[in-house]
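Just so you know, these numbers come straight off a predicted model, no measurement behind them. Values reported hereafter were calculated over all heavy atoms of this structure, with side chains retained and with hydrogens, waters and symmetry mates removed. Proteins come first, then strands; the chains are lettered A, B, ... in the order of their sequence lines, and each starts at number 1.
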Amino acid sequence: MILTNIEVIPGKRVVRHLGLVQGSTVRAKNVGRDIMASLKNIVGGELKGYTELLNEAREEATERMVRQAQAAGANAVLNVRFSTSSITQGAAELFAYGTAVVVE
Amino acid sequence: MQTLVAFADLIVFAVLLLVGYGVGRIAEKAHYASIRKREKLFERVTVFSCRFPPTVSQPYQASLVCGSVVVSQDYFKAVAAGLYSIFGGRVRSYESLLDRARRESVLRMKHAALRKGASMIINVKFQTAQVPGRGVGAVELVAYGTALRPVA
């Protein structure tokens with residue numbers, strides 16, 4: 001499965017468009033991490049736990065998108081976009097979407 | 001002793017401010033040094049915000065790469081920002097924080113591209129999102145784009 005965030009895959013021709021595919025996941029962080037983060041708020045810097053958490057979530061959203069594309073018979077997803085939105089105080093949704101295509 | 005108790009809030013505030021300023025400053029300096037070093041190291045990966053590579057005739061293998069970082073403010077920066085918001089103007093304490101974080105996210109994206117043997121990243125997009133949480137001032141910065149590996 002080839003993923004790009006441009007409309008084409010350089011050097012490959014799109015044979016068929018299969019439409020929009022998407023994947024999303026909602027993640028909550030645990031209280032322990034929240035406490036650590038509020039302590040980290042005193043000294044500042046990177047919140048590694050959150051970086052990992054959001055990265056994992058983004059990968060999962062991408063994977064779900066890829067699975068949907070595979071189910072549709074695609075071998076590439078073009079114009080992939082990510083979006084993050086906070087649902088409530090403790091949870092965030094990570095969303096990935098793109099256009100599933102068949103390339104030669 | 002009694003005066004100490006009376007001013008406990010103030011003392012806690014002062015200690016937090018000092019710790020935030022001291023540790024935050026040292027951390028910021030160290031981070032900037034590390035950013036500059038890695039920016040030199042990853043120089044050979046060129047990053048474009050345009051949608052197409054400069055040489056279209058060359059065949060490439062494309063893949064999506066992503067770099068992200070979650071950063072939090074320190075206590076001093078938060079207080080300073082609060083003061084700035086009264087008088088207006090540039091909030092310098094946050095400018096450096098976001099600059100550092102964005103450069104870090106680009107570096108992580110470049111690192112991901114290097115691991116895939118790519119020499120350039122095109123169509124780079126930036127995204128900033130606030131991390132939700134009670135009393136947690138943190139933002140996530142994401143950079144992503146299409147990494148291109150030249151195929152002979």
Side chain / backbone / both / neither for A:V8 at chain B, heavy atoms under 4.5 Å
side chain

Common cluster, B:L97/B:V69, ILVMFWY with side-chain heavy-atom separation under 4.5 Å
yes

Kindly work out whether a path of hydrophobic side-chain contacts (I/L/V/M/F/W/Y, heavy atoms less than 4.5 Å apart) joins B:I11 to B:L17.
yes

Is there a donor in the side chain of B:Q127 and an acceptor in the side chain of A:S83, or the other way round, less than 3.5 Å apart?
no

Between B:S68, B:A147, B:A101, B:A78, which shows the greatest number of heavy-atom pairs under 4.5 Å with chain A?
B:S68

Between B:T146 (side chain only) and A:N5 (backbone N and O only), is there a donor and an acceptor less than 3.5 Å apart?
yes

Measure B:V142 against the heavy atoms of chain A and call it side chain, backbone, both or neither at under 4.5 Å.
side chain

Below 4.5 Å, heavy atoms only, C-beta onward: do A:L3 and B:S63 meet side chain to side chain?
no

Linking I/L/V/M/F/W/Y whenever their side-chain heavy atoms sit closer than 4.5 Å, directly or via other members, would B:V45 and B:I35 fall into one cluster?
yes

Pick one of side chain, backbone, both or neither for A:E7, based on which atoms fall under 4.5 Å of a heavy atom in chain B.
side chain

Considering all heavy atoms of both residues, which atom of A:I2 and which atom of B:A62 are nearest to each other, and what is their separation?
CG2-O, 3.4 Å

When A:K48, A:R81, A:K12 are compared by non-hydrogen pairs under 4.5 Å with chain B, the top option
A:R81

Is atom OH of B:Y32 surrounded by more than 12 heavy atoms (other residues, nucleotides or ligands) closer than 6.0 Å?
yes

How many angstroms lie between atom CG of A:L54 and atom CD of B:E140, to the nearest 0.5 angstrom?
4.5 Å

B:F42 and B:I121: same hydrophobic cluster, using ILVMFWY side-chain contacts below 4.5 Å?
yes

Residue pair A:V43 / B:V19, side-chain heavy-atom distance below 4.5 Å
yes

I'd like to know if A:V14 and A:V77 are part of one continuous hydrophobic network [Ile/Leu/Val/Met/Phe/Trp/Tyr, side-chain heavy atoms within less than 4.5 Å].
no

Is B:R108 paired with A:E46 through a side-chain N to carboxylate O contact shorter than 4.0 Å?
yes

Does B:K37, at its NZ atom, have more than 12 non-hydrogen atoms belonging to other residues, nucleotides or ligands within less than 6.0 Å?
no

Please classify the contact of B:I26 with chain A as side chain, backbone, both or neither, using a heavy-atom distance under 4.5 Å.
neither

Once you round to the nearest 0.5 Å, how far does CG of A:N79 lie from CG of B:N123?
7.5 Å

So which heavy atom on B:C66 is nearest to which on A:R58, and how close?
SG-CD, 4.0 Å

Scan A:T51, A:L53, A:N55 and name whichever one has a side-chain contact (heavy atoms from CB on, under 4.5 Å) with B:V70.
A:T51

With side-chain contact (heavy atoms from CB on, under 4.5 Å) as the criterion, how do B:L64 and A:F82 come out once you've worked through the C-alpha distance, each side chain's angles and the decisive distance to 0.1 Å?
CA-CA 11 Å; B:L64 199 69; A:F82 293 116; 3.9 Å; yes

